[in-house]
Amino acid sequence: MENQLYELTVYVNDKAVRGKVRAEKTLLDFLREHNFTEVKKGCDNGDCGACTVIMDGLAALSCSTTALQAEGRRVYTVKSLGSWEKLHPLQEAFVKHEAVQCGFCSPGFLMTAKALLDNNPMPSRNEIRDAISGNLCRCTGYVKIVDAIEDAASAIEEVSREA
Amino acid sequence: MRNFRFLQPDSVSTVLKAKEEERENGRILAGGTNLLSYIKMGRVKEGLLIDITRLDELKQIEDTENEVSFGASLTITELLNSSVVQNRLSYLHDTLTHFANPLIRNQATLGGNIADGSPIADTIPILLVLDATVTAASSKSERIIPLKEFFVGPGKTVLAADELLVKVSVPVHESSGVKMIKLGLRNGTACSVTSAAVRVEQDNKKLREIRIALGGVAPTPIRAYNCENALLDGLFDIEAAAGAELEALQQDINPISDVRGTAEYRRGVSVNLVKRALRSAAGMEV
């Protein structure tokens with residue numbers, strides 16, 4: 001029997017992305033097949049956080065979400081944060097603190113950190129450590145990542161105070 | 001070869017109708033943290049994926065004098081953010097902060113954690129000591145099942161093929177002390193090696209009632225009835241109970257050796273976890 005395909009539209013980085021998918025297709029595979037390859041496929045099992053995106057304001061594991069569960073929803077990948085010309089404060093802080101080595105985990109860390117700061121603009125170091133506990137990095141060892149997120153929070157706070 | 005279909009139901013009755021037709025093949029998809037894993041492993045190969053995440057009916061919290069009821073598809077994050085959980089069930093709030101990791105907590109649901117039937121599910125021991133019940137609905141009827149009668153074996157529960165777990169009800173024990181301790185090999189994203197929860201009711205330093213439950217030491221999460229009875233029979237004094245050797249606990253548990261620990265280690269650590277949880281629940285120094 002032919003596998004049934006279902007039509008869907010997901011709003012990725014504020015653009016409508018349409019497709020036809022099998023019922024069990026993950027949001028992660030859907031995004032990567034539509035050229036959002038900045039969303040990384042690590043363990044594909046909910047253990048590493050590399051595939052983290054923001055969906056409806058919350059950090060979401062795209063490997064553990066079906067594409068059809070994202071139907072009609074707003075999904076943001078790391079490319080929604082900033083551009084080469086104008087990096088997001090989180091991206092700037094990751095560069096400044098050398099919180100990136102191989103870079104494979106960075107898109108996931110950045111989206112987890114973005115969701116954290118959106119909900120809690122000035123987190124303590126412990127709150128940062130807890131928030132990123134579902135993201136694995138095998139290069140840097142987390143201290144620089146925590147430093148970067150803490151620094152970015154201050155930078156964002158400063159900008160909003162000046163505004 | 002995989003062969004799945006997808007259903008976006010508009011109501012719980014649509015889900016129940018689908019379950020009636022599909023039986024075991026009607027796969028309830030909520031947080032996806034278990035089911036999608038099983039599909040990728042090849043453990044689940046076909047069926048109708050029924051997405052219950054958009055049903056508000058399954059996301060209600062009912063706060064009554066004696067009990068708080070939770071819709072089965074509330075996520076762990078939604079429970080942590082609920083003022084009812086924070087204020088009336090603060091010990092449950094404490095336990096949920098140790099559930100997997102914040103990313104999983106955003107998706108995983110209370111009903112899913114229970115219906116999955118894992119012997120090491122992070123929410124079960126505390127719900128067992130609180131005398132929680134679950135409501136199972138089918139297109140024909142609804143029944144309330146005490147959680148202590150819900151688990152049959154690893155991944156096996158008493159839920160019938162046409163039933164959906166719709167609600168989890170937790171009695172509020174205003175005068176009880178409650179504590180659950182989860183032991184993982186690390187803090188974040190850890191499967192528990194063993195977990196233990198204790199609820200005590202005391203009256204002038206006398207033990208009036210005790211509930212002990214454990215995860216990871218038997219084919220299902222368990223209540224430690226032998227240990228509870230031994231403490232109640234022999235040691236009415238709370239200090240004595242907290243200092244007891246808990247030999248009877250060994251009759252309650254039947255652990256296995258696996259990648260996370262040996263059976264022998266689990267037998268030893270179970271005693272320590274119950275002791276620590278008991279002291280903490282009784283308001284004593286741990």
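Numbers restart at 1 for each chain; the letters A, B, ... are given by sequence-line order, proteins then strands. Note that the coordinates shown come from a computational prediction; the quantities given were computed from them, not determined experimentally. Just so it is clear, the values below take in all heavy atoms, side chains as well, and ignore hydrogens, waters and symmetry mates.
Within 6.0 Å of CZ on B:Arg186 lie more than 12 heavy atoms contributed by other residues, nucleotides or ligands. The local environment of NZ in B:Lys17 is sparse, with at most 12 non-hydrogen atoms from other residues, nucleotides or ligands closer than 6.0 Å. Atom CD of A:Glu98 is surrounded by 12 or fewer heavy atoms from other residues, nucleotides or ligands within 6.0 Å. For B:Arg88, the CZ atom is densely surrounded, since the number of other residues' heavy atoms within 6.0 Å is greater than 12.
Of the two parts of A:Thr65, the backbone and the side chain both hold a non-hydrogen atom closer than 4.5 Å to a non-hydrogen atom of chain B. Only the backbone of B:Ala30 comes within contact range of chain A, judged by heavy atoms closer than 4.5 Å. Heavy atoms closer than 4.5 Å to chain B are found nowhere in A:Leu5, neither backbone nor side chain. Heavy atoms of B:Leu103 lying under 4.5 Å from chain A belong to its backbone as well as its side chain. Both the backbone and the side chain of B:Arg2 have a heavy atom closer than 4.5 Å to some heavy atom of chain A. Only the side chain of A:Thr26 comes within less than 4.5 Å of a heavy atom of chain B; its backbone N, CA, C and O stay farther away.
With hydrogens and angles disregarded, a donor-acceptor distance shorter than 3.5 Å links the side chain of B:Gln107 to the backbone of A:Ser64. Side-chain atoms of B:Asn106 never come within 3.5 Å of backbone atoms of A:Ala60 as a donor-acceptor pair (strictly under, hydrogens ignored).
Of all non-hydrogen atoms in B:Gln8 and A:Leu68, the two that sit nearest each other are OE1-O, 4.2 Å. Of all heavy-atom pairs spanning A:Asp47 and B:Thr189, the tightest one is O-CG2, 4.2 Å. Minimum interatomic distance between B:Arg105 and A:Asp130 (heavy atoms only, all atoms of both residues): NH2-OD2, 3.4 Å. Of all heavy-atom pairs spanning B:Pro102 and A:Ser133, the tightest one is CD-OG, 3.2 Å. Closest of all the heavy-atom pairs between B:Phe6 and A:Gln69 is CZ-N, 4.4 Å.
With contacts defined as side-chain heavy-atom distances shorter than 4.5 Å, the pair A:Glu71/B:Arg54 qualifies. In this structure, A:Leu61 and B:Ile104 have side chains that are in contact, with non-hydrogen atoms separated by less than 4.5 Å.
Note: A:Asn45 CG to B:Leu36 CG = 9.5 Å, rounded to the nearest 0.5 Å.
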From CA spacing to verdict: side chain to side chain contact (heavy atoms under 4.5 Å, CB included), B:Arg5, A:Tyr6: CA-CA 9 Å; B:Arg5 289 157 294 127; A:Tyr6 299 84; 3.3 Å; yes
Could you give me the CA-CA distance, side-chain angles and deciding distance for B:Leu29 and A:Thr66, then say whether side chain to side chain contact (heavy atoms under 4.5 Å, CB included) is met? CA-CA 9 Å; B:Leu29 174 63; A:Thr66 62; 3.7 Å; yes
